[in-house]
Amino acid sequence: MPPPIASSIAPPMRRITRHIIHCSASTFGDVAEIRRWHLARGWRDIGYHFVIRRDGEVEVGRMLPEIGAHCEGFNRDSIGTCLIGDQTFTEAQFTTLRRVHALLCQQFPGLTAHGHRDFNPHKTCPNFQVSTVLGKA
Ligand SMILES: [Zn+2]
């Protein structure tokens, strides 16, 4: 297959070094809902790459080769994952987060995990200690 066609099918992956975790600050929602919120802000798509629902199911938001819109100043080399919830989260969500992070680590060796608040002292997002849930960052 000629290279131009191959590259149009598989766009180049960007360099990814961080996995940044968020919460929706809502007790409900999914990719469709958050996409509506973000489009209403005038964004071109949902800002997160993954959303983990209350039942622990993971949904795909923005495609990974695309830079997200979830952590100001740190979007270019990161993946954004949002857990639906405000102050509390389900064990199913944490189990899925561990699984998703492990898979991403296989794909992006050296990937580190962080909470949104680690990059913005004015935020409490995701309202839980990521290192406690995932083990060491
Ligand atoms: Zn956040």
Side-chain angles (χ1 to χ4, degrees):
M1 188 182 290
I5 294 176
S7 68
S8 78
I9 292 169
M13 184 57 73
R14 60 203 165 91
R15 177 179 145 78
I16 290 173
T17 65
R18 295 184 177 101
H19 186 194
I20 303 177
I21 314 304
H22 302 262
C23 68
S24 63
S26 65
T27 54
F28 61 94
D30 55 17
V31 157
E33 180 91 39
I34 296 176
R35 180 171 274 130
R36 277 195 295 276
W37 298 342
H38 289 181
L39 290 176
R41 288 187 201 175
W43 298 0
R44 63 185 170 81
D45 194 6
I46 184 171
Y48 305 117
H49 297 95
F50 300 107
V51 169
I52 301 178
R53 299 189 324 221
R54 300 294 293 177
D55 64 4
E57 288 298 307
V58 60
E59 297 184 306
V60 174
R62 203 173 283 205
M63 293 293 118
L64 276 186
E66 296 181 46
I67 295 171
H70 57 92
C71 186
E72 198 176 351
F74 297 89
N75 287 312
R76 187 162 294 279
D77 68 347
S78 70
I79 294 167
T81 294
C82 178
L83 276 67
I84 300 297
D86 187 3
Q87 297 299 321
T88 63
F89 302 89
T90 68
E91 260 323 300
Q93 287 179 297
F94 288 148
T95 299
T96 298
L97 178 58
R98 283 188 281 268
R99 205 169 61 228
V100 166
H101 184 67
L103 281 168
L104 291 172
C105 283
Q106 287 177 16
Q107 200 63 230
F108 305 102
L111 186 74
T112 53
H114 312 267
H116 187 184
R117 63 188 180 190
D118 298 340
F119 302 102
N120 186 335
H122 302 296
K123 304 232 179 231
T124 63
C125 176
N127 295 333
F128 65 89
Q129 190 63 39
V130 169
S131 59
T132 304
V133 172
L134 290 181
K136 68 177 175 65

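In listed order, ligands and their atoms are each counted from 1.
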Taking 2.8 Å as the limit, list every protein N, O or S atom around the Zn ion (ligand 1), by chain and residue number. His22 ND1, His116 ND1, Cys125 SG
Of the options Arg18, His49, His70, Arg14, which is the one that meets Ser78 in a side chain to side chain donor-acceptor pair (under 3.5 Å)? His70
So the salt bridge (Lys or Arg N to Asp or Glu O under 4.0 Å) pairs with at least one residue in residues 81-92 (sequence neighbours excluded) are Glu91-Arg98
Going by an N to O cut-off under 4.0 Å, is there a salt bridge joining Glu72 and Lys123? no
Which of parallel (below 30°), tilted (30 to 60°) and perpendicular (above 60°) describes Tyr48 and His22? tilted
Let me check something: do Val130 and Leu97 share a hydrophobic cluster, defined by ILVMFWY side-chain heavy atoms less than 4.5 Å apart, either directly or through other members? yes
Any Lys/Arg nitrogen of Arg35 or Asp45 sitting under 4.0 Å from an Asp/Glu carboxylate oxygen of the other? yes
